[in-house]
Every structure is written in structure tokens, then in C-alpha cells.
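Below you'll find the structure, written out as C-alpha cells, and then a few comments.
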Amino acid sequence: DRVISMLEEAEKPFVFVGGGAVLSGASQELKEFVDKLDAPVTDSLMGKGAFPGTDPRYTGMLGMHGTKASNFGVSECDLLVVMGARFSDRVTGNTEKFAKNAKIIQLDIDPVEINKNVLITEEIIGDLKDVLKTLNKRLKQQNHAEWLEKIQGYKEKYPLKYHPNVLSGPFLVEEIYRQTNGEALIVTEVGQHQMWAAQYYKYKEPRTLLSSGGLGTMGYGLGASIGAKMGCPEKTVVNIAGDGCFRMNMNEIATAARYQIPIVQVVVNNHVLGMVRQWQNLFYNQHYSQTILDDAVDFVKLAQALGAEGIRVTTKEEFADAFAKAVKMQRPVVLDCQIDQDDKVWPMVAPGAAISEVFDEMDLNEE
């Protein structure tokens with residue numbers, strides 16, 4: 001009763017979707033709830049696809065590498081409805097300043113998650129699919145046209161941007177999305193490429209992004225992509241990896257070759273540990289300790305030696321051609337994609353800052 005009255009009294013509600021929405025299979029109920037509440041929607045890395053990334057109410061990911069629309073919107077909302085999310089530090093930034101204008105409703109199956117990282121106003125403990133079915137029966141149709149218009153203004157004013165003339169991580173992900181019509185299974189390792197895969201691919205269904213999430217497991221992706229292709233042989237399966245992560249388990253290309261499992265391994269190769277380097281560049285006075293991987297390893301020759309196809313690409317045009325070729329080949333293919341070592345994931349929230357203090361390259365250049 002209290003939750004329903006909070007939902008119906010809110011003037012600026014925002015829905016935040018976490019991995020629990022995927023695990024509970026609650027996508028249909030979630031969509032119905034969002035339509036009834038008439039609210040914008042953001043998600044965590046693990047919540048991707050529970051709510052369609054193509055829906056006009058979707059504002060992009062929340063948190064450290066979330067969109068400005070999501071970070072500003074959650075900071076300004078008067079009610080935050082949290083669906084199966086644990087308020088990880090990557091989402092909240094400074095917890096004392098997180099959604100400070102909002103009452104917070106947390107829907108979660110695990111009572112231990114309540115008031116653990118962020119103090120909330122009201123909770124419902126239970127399986128999200130069942131909880132949403134009950135709420136959907138009770139909730140009257142809401143109308144928040146003015147609030148949605150404001151958030152849409154943020155989306156238009158602060159779109160995700162990258163340098164258009166060179167081969168880059170965001171371009172790779174957008175091109176993969178374009179060529180697969182958003183129907184591929186995307187697997188990632190951990191780092192910048194993982195964030196680009198979360199930002200620039202629109203996940204329409206749950207379980208179409210496989211990632212190790214908060215475990216941060218470098219080396220997870222290649223084995224997971226082999227498993228995904230075995231489980232869904234009709235799908236195009238792409239493992240997006242940084243060169244540092246690819247090294248962790250690159251020998252499993254031999255496994256894919258032995259069993260002729262046609263995965264596409266995209267190596268976003270900047271010859272550095274990009275995410276750590278980004279922090280060293282922005283917050284540690286360019287003290288590049290143990291992040292440069294500029295050695296003589298040749299991933300194309302390696303792929304061929306392990307029984308797969310290997311193609312090196314250095315331009316946008318080369319990648320478009322190589323990826324199309326890789327999908328048609330019906331064998332494991334490694335695409336070694338050379339990008340600049342100082343490409344960064346934008347936008348970003350500095351450690352210890354509020355998510356409302358999110359900044360991008362343009363903001364940095366104006367300082």
C-alpha cells in the first residue's frame with residue numbers, strides 16, 4: 001500500500017534496473033510497469049536488456065560511465081524505483097550524494113541488500129516478476145509528460161560522442177550493432193571495451209550481454225563466448241576483448257578451432273591496459289605504472305597458429321569488411337583492431353564524486 005501511494009504521488013519518478021530483473025525473467029512485467037508509471041529508465045551493466053535499449057524511455061547506463069541523461073535524471077528525480085540492483089559503487093559514486101532529492105523504493109529478493117550501501121525509504125522483498133505482477137494490478141495509469149520531456153532534452157543535449165574519423169572502440173561496437181541488427185550475443189572481458197560494449201550496443205532482450213560484472217574477471221569472455229555459441233548455435237556470438245584480457249585465456253582459441261565453433265573474437269588492441277591507464281592519465285599525473293603492453297605479440301599469427309583465422313584492421317573501412325567476412329566464415333576468427341592507446345571511455349565520474357558531477361572530454365577541454 002505504501003509503495004503504491006509513493007508511486008502515485010511522485011512527480012519525477014525514475015526506474016533503475018539491475019541484474020535481478022534479468023535473473024527473475026521479469027522483462028514483460030517491467031515493461032508493463034514502466035508504461036503504467038510513465039517514467040524514464042536507466043540500468044546497470046548487469047541489468048542490460050531487461051528493459052529494451054531501443055525504447056524511447058530508456059536513457060542509457062547509470063553511474064561511473066553512465067550517460068549524462070541518466071546521471072542528471074537520477075540526481076533530480078523525486079522517486080527512484082530500484083529493480084534488483086545492489087547499489088554498487090560503480091553506480092552510486094558518492095553514496096551520501098546519490099539520488100539525494102529522491103525517496104527510494106528497492107525491490108529485491110535478498111533482504112541483506114536493503115540499506116546495505118544506500119539508505120532507502122521503502123522495500124518489497126520477493127521475486128521481482130511476482131512483485132511486479134502485484135504492483136501492475138494495483139497501479140493506476142500515471143502521466144509524467146513534462147518530466148519525460150525534460151529527460152528527453154538531456155538525451156538530445158548530451159548524447160554519447162566519439163571521434164568519428166579514426167578506428168575506435170565505440171565505432172567497433174556501433175558497427176557490430178549495425179551489421180548484426182542488434183541480434184548478436186555480445187560477450188565482454190573487463191575494461192574500456194566492456195564499457196563501450198555497454199554504452200554503444202542497444203540490448204533489446206535479457207541475456208544478450210554476457211559479462212562478469214562486479215567480479216571484474218579478465219579472461220572470462222572467450223570461454224563464455226564458446227559456451228554461448230554452443231548454447232545458441234543460431235546466433236552470431238562476438239567476444240569483445242581488450243588486448244590485456246585476451247592474453248589471459250587466448251589459448252582457448254585452439255579449443256574453438258578444434259571443435260570448429262564459429263565465434264568472432266574482436267580484440268580492441270590499444271597496447272595498454274586501457275582502463276587503468278585512463279585513471280593514471282586523469283588522476284595520477286600520467287604515472288603509467290605497469291600498464292604498457294607494447295611488445296611483439298602478433299595476434300594474427302597467434303590465431304593462425306592455433307587453427308583459427310586472423311585479420312588485422314587499422315581503419316573503419318577495414319573493420320567493416322573484416323567483420324562481415326568473419327561472420328560469414330563459419331569458423332573462429334580473431335580480429336586484431338588497432339586503436340589509439342589514449343582513447344578514453346566518456347563520460348566519467350571521478351572517484352569520490354557524485355554522479356551529478358559526470359564529465360566528458362569537452363568538459364575537460366573547457367577547464
Side-chain angles (χ1 to χ4, degrees), residues 48-49 53-54 160 162-189 191-205 208-211 221-230 232-246 249-250 252-253 256-257 260-271 274 298-304 306-340 343 345:
K48 290 277 165 198
T54 49
L160 292 171
Y162 60 90
H163 295 285
N165 301 322
V166 293
L167 188 67
S168 66
F171 170 80
L172 295 174
V173 176
E174 281 199 333
E175 184 62 18
I176 292 166
Y177 179 77
R178 190 184 70 76
Q179 290 201 27
T180 60
N181 297 313
E183 303 292 335
L185 293 182
I186 302 297
V187 189
T188 79
E189 306 282 355
Q192 289 180 312
H193 66 275
Q194 178 188 33
M195 293 299 101
W196 289 322
Q199 290 174 327
Y200 287 94
Y201 200 96
K202 297 182 181 74
Y203 300 94
K204 294 177 278 195
E205 295 174 0
T208 49
L209 171 65
L210 304 180
S211 201
L222 183 48
S225 66
I226 290 171
K229 186 63 178 178
M230 294 297 284
C232 301
E234 76 288 354
K235 289 278 193 181
T236 298
V237 176
V238 184
N239 183 41
I240 302 176
D243 49 317
C245 289
F246 182 56
N249 275 328
M250 60 192 180
E252 296 305 334
I253 289 292
Q260 284 301 298
I261 302 167
I263 54 164
V264 182
Q265 168 67 63
V266 175
V267 182
V268 185
N269 192 353
N270 52 9
H271 301 278
D298 185 324
F299 291 140
V300 171
K301 286 179 180 173
L302 176 96
Q304 292 164 351
L306 294 175
E309 184 67 40
I311 306 170
R312 184 170 293 106
V313 298
T314 57
T315 66
K316 292 163 68 174
E317 295 73 22
E318 284 176 358
F319 179 75
D321 292 344
F323 185 79
K325 189 175 167 187
V327 171
K328 288 186 188 131
M329 261 186 202
Q330 290 305 302
R331 58 180 299 208
V333 182
V334 175
L335 301 179
D336 179 14
C337 308
Q338 305 282 322
I339 72 162
D340 187 88
D343 277 2
V345 181

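What you see below is based on every heavy atom in this structure, not just the backbone, and it leaves out hydrogens, waters and symmetry mates.
Across all their heavy atoms, Val187 and Ala224 have their closest contact at CG1-CB, 3.8 Å. The nearest pair of heavy atoms linking Ile339 to Ser168 is CG2-CA, 4.0 Å. Scanning both residues, Ala303 and Gly310, for their nearest heavy atoms gives CB-CA, 3.9 Å. Looking at every heavy atom in both residues, Gln260 comes nearest to Pro262 through O-CD, 3.3 Å.
Annotation for Met230: atom CE does not count as buried by contact number, only 12 or fewer foreign heavy atoms lying within 6.0 Å. Counting heavy atoms of neighbouring residues, nucleotides and ligands inside a 6.0 Å radius, atom NZ of Lys316 exceeds 12 of them.
With hydrogens and angles disregarded, no donor-acceptor distance shorter than 3.5 Å links the side chain of Asn249 to the backbone of Glu252.
Qualifying salt bridge (charged side-chain N to carboxylate O under 4.0 Å, His left out) partners for Glu174, counting only residues two or more places apart in sequence or in other chains: none. The side-chain contact (heavy atoms from CB on, under 4.5 Å) check on Gln304 picks up Val300, with sequence neighbours excluded. Legend: residues meeting ring-ring contact (aromatic ring centres under 6.0 Å, His included) with Phe319, ordered by chain and number and at least two apart, are Phe323. Applying the salt bridge (charged side-chain N to carboxylate O under 4.0 Å, His left out) test to Lys235 and every residue at least two apart in sequence or in another chain returns nothing. For Asp340, there are no side chain to side chain donor-acceptor pair (under 3.5 Å) partners, not counting sequence neighbours. Residues meeting the ring-ring contact (aromatic ring centres under 6.0 Å, His included) test with Tyr201, sequence neighbours left out: Tyr177, Tyr203. Every residue meeting the side-chain contact (heavy atoms from CB on, under 4.5 Å) condition with Ala257, not counting sequence neighbours, appears here in chain and number order: Pro332. The side chain to side chain donor-acceptor pair (under 3.5 Å) search around Ser211 returns Thr188, Gln194, not counting sequence neighbours. Applying the side chain to side chain donor-acceptor pair (under 3.5 Å) rule to Glu175 yields the partners Arg178, Gln179; only residues at least two apart in sequence or on another chain are considered. Evaluation of the side chain to side chain donor-acceptor pair (under 3.5 Å) rule for Lys48 yields Asp43, Tyr58 as partners, not counting sequence neighbours.
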**Item:** Verdict with reasoning, Tyr162 to Trp196, per side-chain contact (heavy atoms from CB on, under 4.5 Å)
**Value:** CA-CA 11 Å; Tyr162 60 90; Trp196 289 322; over 6 Å; no
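Judged as a side-chain hydrogen bond (donor to acceptor under 3.5 Å, both in side chains), the pairs with a partner in residues 318-329 (not counting sequence neighbours) are, in order, Thr314-Glu318.
Note: Lys202 NZ to Thr208 OG1 = 13.5 Å, rounded to the nearest 0.5 Å.
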Pairs of donor and acceptor atoms involving the side chains of residues 264-271, under 3.5 Å and at least two apart or interchain, shall be tabulated with distances.
{"residue": "Gln265", "atom": "OE1", "partner": "Asn239", "partner atom": "ND2", "Å": "2.8"}
{"residue": "Gln265", "atom": "NE2", "partner": "Asn239", "partner atom": "O", "Å": "3.4"}
{"residue": "Asn269", "atom": "OD1", "partner": "His271", "partner atom": "N", "Å": "3.2"}
{"residue": "Asn269", "atom": "ND2", "partner": "Asp336", "partner atom": "OD1", "Å": "2.9"}
{"residue": "Asn270", "atom": "OD1", "partner": "Val272", "partner atom": "N", "Å": "3.3"}
{"residue": "Asn270", "atom": "ND2", "partner": "Gln192", "partner atom": "OE1", "Å": "3.3"}
{"residue": "His271", "atom": "NE2", "partner": "Gln338", "partner atom": "OE1", "Å": "2.7"}

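Here the side chains of Leu335 and Ile311 are in contact, with some heavy-atom distance below 4.5 Å. A heavy-atom distance below 4.5 Å is not found between the side chains of Leu172 and Ile240. Taking the side chain as every heavy atom from C-beta outward, Pro170 and Leu160 never approach each other to under 4.5 Å.
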